[in-house]
Amino acid sequence: MTRRKLIAGNWKMNGLNAALAEITAIGAGVAALGARAPDVLVCPPFTLISSAARGEVAIGAQDCHIGVSGAHTGDISSVMLKDAGAGSVIVGHSERRADHGEDDALVRAKAEAALAAGLRTIICVGETRAEREAGTAYAVVARQIAGSVPFAAQGTIVIAYEPVWAIGTGLTPTNDDIAAMHGAIRAELARSDAARAAVTQILYGGSVKPGNAREILALADVDGALVGGASLKAADFLGIINACV
Ligand code: 13P
């Protein structure tokens, strides 16, 4: 089973209009790779989506509300994201789970709304350091998969495995640990739908850099990367994209 690699950038709360030049440069670098290029996605803050979507790079968002419209001050719906030019959305990032108290049920409702709007939906899971040290990483991730993934919904679901302790720290799990967790995630998905599990892209996220991307992207069941800090500069992000070639 060959799954196309997906390299996705999550800009988090970074990026003013001047940063659109980085997305343009990413597009130029990807174009230079021609047919060898992996799928590439940049998820800038909401404020840059419609401008960024006028360029050549596929654009996504970092969160959405569960509804379509209504009295929810400050929130953005998946339908609005689609209308602004986004084709994808990240839901359930650990920073949203931690900063906004998002639980699996809410993440699942967000994923359902995003899929209903026709957005490719990247659902994030991952254990904390305490959970890893307690030996419960697999149980935690399996519970997040079971609770956060809307198995019955149509559309394209991508899973991002992001151990919380690896995000922004420069730390990564061992290659064996990454491969083992990705295999476990695919097995968990297969419990609901084996055919879908076989084609679902599972991304690794957490301190992916140009220097470690090639070995991580070569691991079994790793179908791409969700990149934070190293996606903000075109040169770094292109270094990771080039590691797929
Ligand atoms: P870093 O690549 O900065 O560790 O962030 C990973 C992440 O959270 C992507 O969603």
Side-chain angles (χ1 to χ4, degrees), residues 5-15 19 22-23 26 38-46 48-49 52 57-64 81 86 88-100 102 107 110-111 114 119-129 131-132 137 140-141 144-145 148-149 157-175 177-178 181-182 185 201-217 219 222-244:
K5 292 268 195 282
L6 168 62
I7 306 298
N10 172 11
W11 279 18
K12 310 190 179 186
M13 197 171 72
N14 298 291
E22 298 296 332
I23 301 180
I26 291 165
D39 264 356
V40 173
L41 172 70
V42 175
C43 301
F46 290 134
L48 294 183
I49 287 175
V57 179
I59 297 299
Q62 302 169 18
D63 179 45
C64 67
L81 296 174
S88 303
V89 64
I90 299 166
V91 295
H93 192 281
S94 61
E95 287 152 14
R96 296 220 48 99
R97 290 178 187 259
D99 296 355
H100 300 272
E102 296 192 3
V107 173
K110 289 185 173 200
L119 297 173
R120 174 173 55 179
T121 303
I122 301 172
I123 302 171
C124 301
V125 297
E127 83 283 359
T128 63
R129 177 186 293 281
E131 290 161 345
R132 166 69 57 177
V140 166
V141 170
Q144 290 172 332
I145 294 281
S148 306
V149 177
I157 291 172
V158 175
I159 306 296
Y161 169 57
E162 299 203 308
V164 177
W165 54 273
I167 295 175
T169 58
L171 302 173
T172 55
T174 64
N175 289 341
D177 282 346
I178 294 173
M181 184 62 88
H182 279 234
I185 289 170
Q201 291 163 308
I202 305 176
L203 313 183
Y204 169 76
S207 297
V208 178
K209 310 281 179 218
N212 62 14
R214 191 170 293 278
E215 56 181 302
I216 292 172
L217 290 166
L219 297 171
V222 174
D223 306 309
L226 182 55
V227 184
S231 70
L232 294 170
K233 289 286 169 230
D236 291 338
F237 198 47
L238 287 168
I240 294 169
I241 290 165
N242 274 296
C244 295

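Remember, it's 1-based here, ligands and their atoms both numbered in the order they're listed.
Gly228 N, 2.9 Å is the protein heavy atom nearest to atom 2 (O) of ligand 1. Nearest protein neighbour of atom 3 (O) of ligand 1, counting heavy atoms only, is Gly229 N, 2.8 Å.
The Gly206 neighbourhood of ligand 1 comprises atoms 4 (O), 6 (C), with distances under 4.0 Å to a heavy atom of that residue. With ligand atoms numbered from 1 in the order given, ligand 1 contributes 9 (C), 10 (O) to contacts under 4.0 Å with heavy atoms of Asn10. Ligand-side atoms of ligand 1 in range of Glu162: 6 (C), 7 (C), 8 (O), 9 (C), 10 (O), range being under 4.0 angstrom from any heavy atom. The Leu226 neighbourhood of ligand 1 comprises atoms 9 (C), 10 (O), with distances under 4.0 Å to a heavy atom of that residue. Those atoms of ligand 1 that come under 4.0 Å of a heavy atom in Ser207, given as number and element, are 1 (P), 2 (O), 4 (O).
Within the 4.5 Å cutoff, the side chain of Leu203 has no heavy atoms near those of the Tyr161 side chain. Residues Val40 and Phe237 have side chains in contact (heavy-atom distance under 4.5 Å, counting atoms from C-beta outward).
Ligand 1 has no nitrogen or oxygen under 3.5 angstrom from a nitrogen or oxygen of Val227. No N or O atom of Gly205 sits closer than 3.5 Å to an N or O atom of ligand 1.
Asp39 and Lys5 are not joined by a salt bridge, as no carboxylate oxygen comes within less than 4.0 angstrom of a charged side-chain nitrogen.
The shortest heavy-atom distance from Ala230 to ligand 1 is not under 4.0 Å. Heavy atoms of Lys12 come nearer than 4.0 angstrom to ligand 1 in at least one pair.
A donor and an acceptor atom, one from each side chain of Arg129 and Thr169, are nowhere located under 3.5 Å apart.
Remark: Thr128 pairs with Glu131 by the side-chain hydrogen bond (donor to acceptor under 3.5 Å, both in side chains) rule, at least two apart or across chains.
Under the side-chain hydrogen bond (donor to acceptor under 3.5 Å, both in side chains) rule, His93 has a single partner from Glu102, Glu162, Gln62, which is Glu162.
With hydrogens and angles disregarded, a donor-acceptor distance shorter than 3.5 Å links the side chain of Ser207 to the backbone of Gly170.
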Would you be so kind as to tabulate the donor-acceptor pairs closer than 3.5 Å made by side chains of residues 229-236, with sequence neighbours excluded?
from, atom 1, to, atom 2, distance (Å)
Ser231, OG, Val227, O, 3.2
Ser231, OG, Gly228, O, 2.7

